[in-house]
Amino acid sequence: SSRGDSGGGTGSGAMAPAAGGKRAAGAGEGGGGNVGGVGVVSDHSEASAAASTSGAASSPPAKRARVEAAEPHPLLSAESPSEPLELNAKLLALRQHIEVQREAARREYKSARADWKLPVVRSRLVSNVLDLFGSANPRKDGTPSPALHWRNTVVTFVGEPGVDEGGLTADLHSSFWREVLKPEHGLFEQLAEGGAYLPRANADKERLSLVGRFLLKSVLDDHPTGPGPSSFLLEFLSGAHETRAFRDSHPTYALQLLASADPVCAQSWSNLLRLTDDELATTMLALDDFDDALPDEPLSRANVSRAVVAGCRRKLLTDRFASLDALRDGFTLGGKLDLGLQLAQHRNADLALLLQGKAAISAQEMLDCFEWGETPARG
C-alpha cells in the first residue's frame, strides 16, 4: 500500500486484512459581500457577472496504516467559531490593524495611493493574474514593492463591458480562487474527493509564491476565497501550526485540520484513539506506518496519539512543506509584510471564516440584511 491508499468503511471500525498484513494510510492522497461581518461567497453566474459591472451586491513508501472508516465520531466535530460578539471583535481588530497599515503605507509611498489597473482575459484568468502580480513594480532585487498591495484595484475584463466600482474586483477574486484550484494548473490538489485543497508538493514554487501574493491581496481587501482552499493554509501562514496544531497531547485538533482535506483518513485515524492495547495489536500497525521518521514500534495506547499527530503533520505539512513555504513567501512579500501575529490570535474555525467566507446563509441572516420600515397606517 502507499500513502495514497484509501480506507474502507464499516460502522464498527473493524480491520480488514491487506496484502502483507499491513494497512493503507487513510484515504486518497493523491467573492461576494458581507453578512454579519463575515464574507459570503457566491458562485459566478451571468446574473452575478452583470451585477459585478456596477459594483452590486513524492514517491510514497511501501507501507502505510489503514483502518476502516466508521460513522462520524465526536472527535471530528468541527471546531466551533468564536461566539458572535467575540468573533466580530477579533475580525474588527484585524481589519483595523490592516487599515492602519494601509494608511501608513499610503503616507510613506506615494505610489500606494494610485489605482492598480488590472486588465484580465477571462479565458486565461489564472496565468494572466499571476503574470500581472509577478511583473508589477518589482524592486531592484526582484521583489514586489510593499506599496503595490495597498493600492485600490481597477479590474477590466478584456472584451466585456463594465466599469469597476467594486463588483469587477470581487468577480476577479472569486473567479481566481475557483480557477486556480483546477488540476490543469498543477498548483493544488485534493487528498480525497470533496476535501479542501492544499498546495501540490511538486507545484511550481515561483507560481505558488505569486498565488501567495494574490492571497494576501484577498485578505487585505476582504475578499473571501470560497470553500476550496484548506483552512490549514492560514494556520500555516500564521505560524501557529507547530504550537497548537501538531501536539501529541491534543490529537483532536490535528484531526480536525486533516478532516477538512481528507475526511475519510481523519475519521479512520480517529477510530484508533478509542481502541485498547489488544485491539491496537490486531491492527499490526507501527509508528513508521504514519511517518517514516518514527521508529518501527508497534502501536499501543501509549503512542497512538503520537502516531496520529505525526500522520496528520505528514499529510498536511511535511509532504508539501516547500510548496507551503513558497506560498508563505508570497503572502509575506518576502518577509516585508507579515500578518502572522494577528492571524495567530484566531482559532482555526475563525480563520476558516476569514479565509473562505460563508458558503451559505440562512433565510433569517438574509432578512437581517434589510432594514424594514414601519407598515404605513391605512387612512
Please enumerate all residues that pass side-chain contact (heavy atoms from CB on, under 4.5 Å) together with [X], with sequence neighbours excluded.
X    : result
L85  : none
E242 : F246, R313, L317
D204 : E206, R207
L337 : W150, L216, L220, L333

Which atom names give the shortest non-hydrogen contact between [X] and [Y], and what distance separates them?
X    : Y    : result
P199 : S323 : CB-CB, 3.8 Å
A196 : P227 : CB-O, 4.4 Å
T153 : D164 : O-OD2, 3.7 Å
S230 : L355 : O-CD2, 3.6 Å
A310 : D291 : O-OD2, 3.9 Å

Quick one: list whatever passes salt bridge (charged side-chain N to carboxylate O under 4.0 Å, His left out) with [X], sequence neighbours left out.
X    : result
D329 : none
D325 : R328
K182 : E179

Heavy-atom side-chain proximity of [X] to [Y] below 4.5 angstrom:
X    : Y    : value
L285 : L272 : yes
C312 : W269 : yes
L148 : K217 : no

Are Q256 and N348 close enough that a side-chain donor and a side-chain acceptor fall under 3.5 Å?
->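 On atom types as modelled, these side chains do not qualify, holding no pair under 3.5 Å.
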Look up atom [atom1] in [X] and atom [atom2] in [Y], then write down how far apart they are to the nearest 0.5 Å.
X    : Y    : atom1 : atom2 : answer
H346 : L234 : NE2   : CG    : 10.0 Å
L198 : R320 : CG    : CZ    : 5.0 Å
R301 : L273 : CZ    : CG    : 7.0 Å
I98  : D221 : CD1   : CG    : 8.5 Å

Can you list every salt bridge (Lys or Arg N to Asp or Glu O under 4.0 Å) pair that touches residues 223-241, not counting sequence neighbours?
->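 Every pair satisfying salt bridge (Lys or Arg N to Asp or Glu O under 4.0 Å) with a residue in residues 223-241: E235-R244.
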Can you name the one residue among L351, L237, L257 that meets side chain to side chain contact (heavy atoms under 4.5 Å, CB included) with F232?
->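 Answer to the side chain to side chain contact (heavy atoms under 4.5 Å, CB included) test with F232 among L351, L237, L257: L257.
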L327 pairs by side chain to side chain contact (heavy atoms under 4.5 Å, CB included) with which of T332, L187, L233?
->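 Exactly one candidate clears the test, L233.
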Under 3.5 Å, which donor-acceptor pairs do the side chains of residues 113-121 form with other protein atoms, sequence neighbours left out?
residue : atom : partner : partner atom : Å
R113    : NE   : R106    : O            : 2.6
R113    : NH2  : R106    : O            : 3.2

Under 3.5 Å: donor-acceptor pair, side chain of Q190, backbone of G195 =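 It does hold such a pair.
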Residues which pass ring pair (Phe, Tyr, Trp, His ring centres under 6.0 Å) with H241, listed by chain and number, not counting sequence neighbours |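 For H241, the residues satisfying ring pair (Phe, Tyr, Trp, His ring centres under 6.0 Å) (neighbours in sequence not counted) are F236.
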Residue pair E86, K90: steps toward the salt bridge (charged side-chain N to carboxylate O under 4.0 Å, His left out) verdict | CA-CA 6 Å; E86 179 186 358; K90 287 181 177 180; 3.1 Å; yes
Could you give all pairs that pass the side chain to side chain donor-acceptor pair (under 3.5 Å) test and reach residues 123-134, with sequence neighbours left out?
->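 Pairs touching residues 123-134 that pass the test: none.
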Qualifying ring pair (Phe, Tyr, Trp, His ring centres under 6.0 Å) pairs with a residue from residues 198-218, counting only residues at least two apart or across chains =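 Non-adjacent pairs meeting ring pair (Phe, Tyr, Trp, His ring centres under 6.0 Å): F133-F214, H173-F214, F176-F214, W177-F214.
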